[in-house]
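First up is the structure itself, then whatever we jot down about it.
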Amino acid sequence: MSFLDETYLLETEAAETLYDDIADRPILDPHTHADVVEIVENDGWDDIWEVQGATDHYVWSMMRKRGVDEELITGDGSNREKWDAFAEVVPEMAGNPVYEWLHLDLKRRFGIDQPVSAETADEIWEETSEQLAGDDMRPQELLREMNVEVVGTTDDPTDDLAYHERAETEVEGVDVRPTWRGDRAVNVQNADFDEFVADLDDATDHDPEDFDGFRAALEATHDHFAERGCVACDIGIREPVSRPVSDERAREIFEKRRSGEQLSEREIEDFQAYMLEFVTELNVEKGWVTQLHMGPVRHYRQELYETIGPAAGGTATTGDLNLTEGLRHLVNRFDGEGELVLYVVDPTHYPSITTIARAFPNVSVGPAWWYNDSPFGMDHQLDYVGSVDLLANHAGMVSDSRKLLSFGSRFEMFRRTLANVVGTKVERGQMPLDVAEDLVNHVAYERPKELYGF
């Protein structure tokens with residue numbers, strides 16, 4: 001086997017057969033951090049750093065680990081200087097998925113087979129710059145070339161979605177949909193909560209200064225997203241808390257927070273529990289999927305957060321969460337109503353969310369997320385979910401990426417891993433090949449299409 005050849009990640013003959021069957025299925029990507037402005041404006045990019053490193057905290061983290069100065073990662077260094085610094089340490093990243101994604105992108109999108117290094121940096125820079133100048137490498141053309149059928153962006157409730165409206169008529173062949181991201185509404189303890197209330201005031205005709213107006217304003221944004229084709233809500237939270245909380249209790253906490261008083265831990269939890277249930281009710285009414293991303297300990301490296309900001313690559317994970325108790329009220333409250341997809345960043349939580357999904361038919365395990373979206377992480381998760389719950393009920397793949405050019409590579413990695421996991425079961429005699437073919441096609445395409453109603 002040679003680097004990224006036809007049998008990349010495929011360890012059996014059955015796996016090769018299964019991958020051939022799903023390799024060209026359209027991509028449905030319900031959770032990305034794609035820039036809708038970038039897609040609609042369709043201006044393209046100037047150089048390889050812009051498409052590979054400028055927005056990717058995975059790349060930044062690996063460069064820091066190899067001693068690259070921050071000036072040549074997120075600082076004022078030129079794109080060419082940053083690319084050269086990246087290329088020099090890329091060989092030392094072998095074994096990490098960043099290494100494979102980079103080379104898959106180069107091979108699939110640019111036709112470049114040679115590995116990145118200090119010796120090849122100049123040639124790859126020149127070749128990719130020349131290709132990026134072509135019309136066929138603009139965002140919309142790339143999405144079509146990668147066979148992307150649906151892109152779900154991640155959007156604040158207060159976004160006017162003007163670019164999504166433009167996308168409906170200006171982006172041909174690709175369905176670009178917004179996703180209602182409710183973090184700022186739920187996380188009352190965050191410093192930007194008052195700013196969020198002010199943004200709601202600007203974005204809607206409701207006065208969110210009192211609690212009833214706050215809820216009405218949120219519902220108005222929810223309606224606005226529905227008009228633009230939204231089918232999913234996403235909430236990122238470190239540890240979910242769900243319990244019955246009255247309107248009166250939530251109103252009291254809201255007013256205390258708005259008056260500038262410090263909230264207790266119990267008050268924060270009660271407000272989060274109330275809002276999680278309130279938002280899920282709105283989602284169920286509209287037939288949206290509720291996605292919960294749980295577990296990251298954000299801003300863990302304080303210096304990075306203070307100097308660069310969020311999504312800088314300084315997040316840690318913790319196994320010290322009681323997801324089973326934290327989700328108990330929510331999943332029982334919405335038993336059989338709507339669809340709930342659970343993502344965890346720490347793989348020690350797979351048993352909890354998988355057994356919850358096994359117990360509740362309308363709960364699905366989301367794809368291996370963040371630190372787990374490698375061949376190793378996806379292999380582990382798919383095998384576990386398939387043995388405890390049902391692989392046929394897995395939510396499918398999402399890119400979770402800010403790099404549009406990488407969507408194809410991330411889905412290829414997932415589909416090859418899926419084919420290998422299921423192909424191994426065929427070789428072991430655990431299922432016949434024709435059943436396996438139906439299964440991988442279902443997980444790769446039909447399941448997310450059905451789940452999200454695309």
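Side-chain contact annotation: Thr74 with Trp60, donor-acceptor N/O pair under 3.5 Å absent. Between Trp369 and Asp400, the side chains place a donor N or O and an acceptor N or O closer than 3.5 Å (distance only, hydrogens not considered). Between the side chains of Asp389 and Thr354, no donor N or O sits under 3.5 Å from an acceptor N or O. Between the side chains of Gln272 and Gln189, at least one donor N or O lies within less than 3.5 Å of an accepting N or O. A donor-acceptor pair shorter than 3.5 Å can be found between the side chains of Gln52 and Asp105. Residues Asn283 and Glu339 have side chains that never bring a donor and an acceptor to within less than 3.5 angstrom of each other. Defined by atom type and a distance below 3.5 Å, a donor-acceptor pair is present between the side-chain atoms of His329 and Glu277. No donor-acceptor contact under 3.5 angstrom links the side chains of Thr158 and Asp199, judged on distance only. Side chains of Glu450 and His442: a donor-acceptor N/O pair is absent below 3.5 angstrom, by distance only. For Thr318 and Asp320, the side-chain atoms include no donor-acceptor pair closer than 3.5 Å. When only modelled atom types and interatomic distance are considered, Asn147 and Asp24 share no side-chain donor-acceptor pair under 3.5 Å.
In this structure, Lys107 contributes its side chain and Leu102 its backbone to no donor-acceptor pair below 3.5 Å. No side-chain donor-acceptor contact under 3.5 Å links Thr315 to the backbone of Ala311. Under the 3.5 Å distance criterion, the side-chain polar atoms of Glu11 are left unmatched by any main-chain donor or acceptor of Asn420. Put simply, the side chain of Trp101 never gets that close to the backbone of Ser409: no donor and acceptor are under 3.5 Å apart. Side chain of Thr179 to main chain of Cys233: no donor-acceptor pair is present (N/O by atom type, distance under 3.5 Å, no hydrogens or angles). Checking side-chain atoms of Glu149 against main-chain N and O of Val174 turns up no donor-acceptor pair under 3.5 Å.
No side-chain heavy atom of Tyr343 sits less than 4.5 Å from a side-chain heavy atom of Met294. Residues Thr290 and Val341 fail the side-chain proximity criterion, which asks for heavy atoms closer than 4.5 Å. Residues Thr424 and Arg428 have side chains in contact (heavy-atom distance under 4.5 Å, counting atoms from C-beta outward). In this structure the side chain of Val241 never reaches within 4.5 angstrom of the side chain of Glu325, judged on heavy atoms.
Each of Asn190, Leu218, Asn187 was evaluated against Phe196; a single residue qualifies, Leu218, per the side chain to side chain contact (heavy atoms under 4.5 Å, CB included) test.
Atom CD of Glu123 sits in a sparse spot, with 12 or fewer heavy atoms from other residues, nucleotides or ligands closer than 6.0 Å. Within a 6.0 Å radius of CZ in Arg25, more than 12 heavy atoms belonging to other residues, nucleotides or ligands are found. Open room surrounds CD on Glu88; 12 or fewer heavy atoms of other groups in view lie less than 6.0 Å from it.
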Residues Trp180, Val279; criterion side chain to side chain contact (heavy atoms under 4.5 Å, CB included); working and verdict: CA-CA 10 Å; Trp180 197 89; Val279 169; 3.6 Å; yes
Worked check of ring-ring contact (aromatic ring centres under 6.0 Å, His included) between Tyr99 and Phe3: CA-CA 11 Å; Tyr99 185 84; Phe3 182 45; 5.7 Å; yes
Test log, rule side chain to side chain contact (heavy atoms under 4.5 Å, CB included), inputs Ile308 and Glu70: CA-CA 10 Å; Ile308 300 171; Glu70 196 67 37; 3.2 Å; yes
Stepwise ring-ring contact (aromatic ring centres under 6.0 Å, His included) test for Phe225 and His164: CA-CA 10 Å; Phe225 272 61; His164 286 84; 7.5 Å; no
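Checked against a 6.0 Å centroid threshold, the rings of Trp370 and His293 do not count as neighbours.
Residues Arg447 and Ser364 approach most closely at NH2-OG, 2.6 Å, considering heavy atoms.
At least one cation-pi condition fails for Arg80 and Trp49: the charged atom is not both under 6.0 angstrom from the six-membered ring centre and inside a 45 degree cone around its axis. Cation-pi contact between Arg64 and Phe86: absent, since separation from the ring centre below 6.0 Å together with deviation from the ring axis within 45° is not met.
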